[in-house]
K.L.:
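Have a look at the structure that comes next, please.
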Amino acid sequence: MLTDEQFNRYQRQIALPEIGEQGQVKLSQSHVLMIGCGGLGSAASLYLAGSGVGKLVIVDDDDVDFSNLHRQVVYRDKDISSSKTEAMTNQLLALNPAVKIRSLDKRLSKSQLELEVMLADIVLDCSDNMHTRQLINQVCLEQNTDLISAAAIGWLGQFCVFDFSSKGESNACYRCLYPFDEVEQVHNCAELGVIGPVVGILGTYQALAAIQKLATGRFQFKAPMLHRFDGLQMQWQYLSITKDKQCKVCS
Ligand SMILES: [Zn+2]
């Protein structure tokens with residue numbers, strides 16, 4: 001049952017027939033693990049907190065830097081040099097004090113990640129490096145936990161959901177898509193340009209997919225499928241992901 005305050009706060013999403021009161025209750029009982037508190041995590045966490053997820057675990061070992069602020073919209077000028085997880089927690093609680101937030105100001109080892117994934121209903125990969133993405137993919141696959149992955153660089157973004165909880169035999173994983181652990185060092189935000197709204201669009205997509213699954217019990221779109229966004233052409237492109245029979249993680 002929802003309280004009057006919850007009903008008032010969430011009435012515009014409760015009004016959606018796909019969500020309703022039952023969906024809102026499910027959201028309020030959900031546990032989301034979000035790894036990475038940069039631009040993707042900024043957008044995703046604000047919408048997840050606003051929507052009333054029950055528990056949000058946020059993970060990042062960085063501090064807020066001046067050069068983050070143009071795209072990492074959860075942070076404020078006064079947050080410079082604060083830990084990202086602490087600054088993000090403060091902003092999310094200011095938005096919705098009902099959300100239980102646990103912050104981990106560190107990089108997780110594999111065993112720590114395994115424990116956190118075990119506790120979570122769904123995982124958002126908002127990280128910025130291939131090694132972390134591959135590790136998250138592997139642990140989510142092993143634990144049959146749905147993974148919502150996104151990335152953005154320059155004017156381009158990409159988004160993909162791996163519905164590992166559905167246990168479909170033909171299901172591909174992130175490593176089927178990118179069968180390597182490292183990309184050339186230049187491919188990170190510190191050296192390449194990146195435009196804020198593209199990162200925000202992708203992070204918002206992650207929140208949308210998570211809310212769908214948590215509130216309605218399933219993803220209402222086809223997964224896994226690679227969604228690519230071109231922020232100059234303002235166009236989305238959709239590509240099927242085929243399972244790699246040689247994949248060392250899922251095959
Ligand atoms: Zn695979």
Side-chain angles (χ1 to χ4, degrees), residues 30-36 38 40-41 44 57 59-60 107-154 156-189 199 201-203 205-214 217-230 236-251:
S30 66
H31 179 142
V32 180
L33 173 62
M34 190 183 88
I35 298 157
L40 296 167
V57 178
V59 185
D60 201 303
R107 274 179 192 246
L108 300 184
S109 66
K110 182 157 190 263
S111 59
Q112 288 169 325
L113 181 63
E114 285 167 344
L115 179 63
E116 293 300 336
V117 171
M118 197 181 300
L119 296 169
D121 297 314
I122 203 160
V123 177
L124 270 65
D125 181 355
C126 302
S127 70
D128 64 355
N129 68 86
M130 189 56 89
H131 175 76
T132 303
R133 288 193 193 120
Q134 295 291 8
L135 187 61
I136 295 170
N137 172 67
Q138 187 184 347
V139 173
C140 286
L141 180 94
E142 285 166 2
Q143 300 197 16
N144 302 317
T145 302
D146 292 331
L147 169 61
I148 302 174
S149 177
I153 197 76
L156 303 174
Q158 65 172 50
F159 163 87
C160 191
V161 169
F162 299 96
D163 52 344
F164 293 136
S165 68
S166 74
K167 297 177 189 167
E169 275 297 300
S170 60
N171 271 3
C173 79
Y174 189 82
R175 187 170 276 275
C176 296
L177 192 59
Y178 295 110
F180 41 80
D181 286 298
E182 302 293 337
V183 283
E184 287 177 57
Q185 208 52 52
V186 69
H187 286 222
N188 66 51
C189 295
V199 190
I201 285 165
L202 274 295
Y205 249 61
Q206 290 179 283
L208 178 59
I211 290 167
Q212 274 192 17
K213 176 67 197 265
L214 296 168
R218 68 185 185 91
F219 298 110
Q220 308 280 332
F221 55 93
K222 188 172 178 284
M225 168 95 65
L226 184 66
H227 301 232
R228 290 209 317 213
F229 181 66
D230 180 331
W236 285 95
Q237 202 184 10
Y238 307 97
L239 305 163
S240 300
I241 303 175
T242 44
K243 187 179 179 79
D244 176 1
K245 298 215 166 58
Q246 313 291 318
C247 178
K248 68 179 191 183
V249 174
C250 72
S251 290

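In each ligand, atom 1 is the first atom listed, and ligand 1 is the first ligand listed. FYI, side chains are in, hydrogens and waters are out, and symmetry mates aren't considered; it's all heavy atoms of this structure.
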K.L.:
Taking side chain to side chain contact (heavy atoms under 4.5 Å, CB included) as the test, write out the residues that go with Met225, two or more places apart.
P.N.:
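With sequence neighbours excluded, Met225 shows a side chain to side chain contact (heavy atoms under 4.5 Å, CB included) to Lys222, His227, Tyr238, Ser240, given in chain and number order.
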
K.L.:
Check each of Val123, Ile122, Leu147 against Val117 using the side chain to side chain contact (heavy atoms under 4.5 Å, CB included) test, and report the only one that passes.
P.N.:
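With Val117 as partner, Val123, Ile122, Leu147 yield a single side chain to side chain contact (heavy atoms under 4.5 Å, CB included), made by Val123.
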
K.L.:
Using a cut-off of 2.8 Å, find all protein N, O or S atoms closer to the Zn ion (ligand 1) than that distance.
P.N.:
Cys173 SG, Cys176 SG, Cys247 SG, Cys250 SG

K.L.:
Run the side-chain contact (heavy atoms from CB on, under 4.5 Å) test on Asp146 and Val161 for me, step by step, so that the C-alpha distance in whole Å, both residues' side-chain angles and the decisive distance to 0.1 Å come before the verdict.
P.N.:
CA-CA 7 Å; Asp146 292 331; Val161 169; 5.6 Å; no

K.L.:
Can you confirm whether the side chains of Gln138 and Glu142 place a donor and an acceptor under 3.5 Å from each other?
P.N.:
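Present: a donor and an acceptor within the cut-off.
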
K.L.:
So, applying side chain to side chain contact (heavy atoms under 4.5 Å, CB included) with Phe159, which one of Leu208, Leu226, Leu202 is it?
P.N.:
Leu202

K.L.:
Return the minimal non-hydrogen interatomic distance between Ser30 and Asp121, and the atom names on each side.
P.N.:
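Distance-wise, the nearest heavy atoms are CA-OD2, 3.3 Å.
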
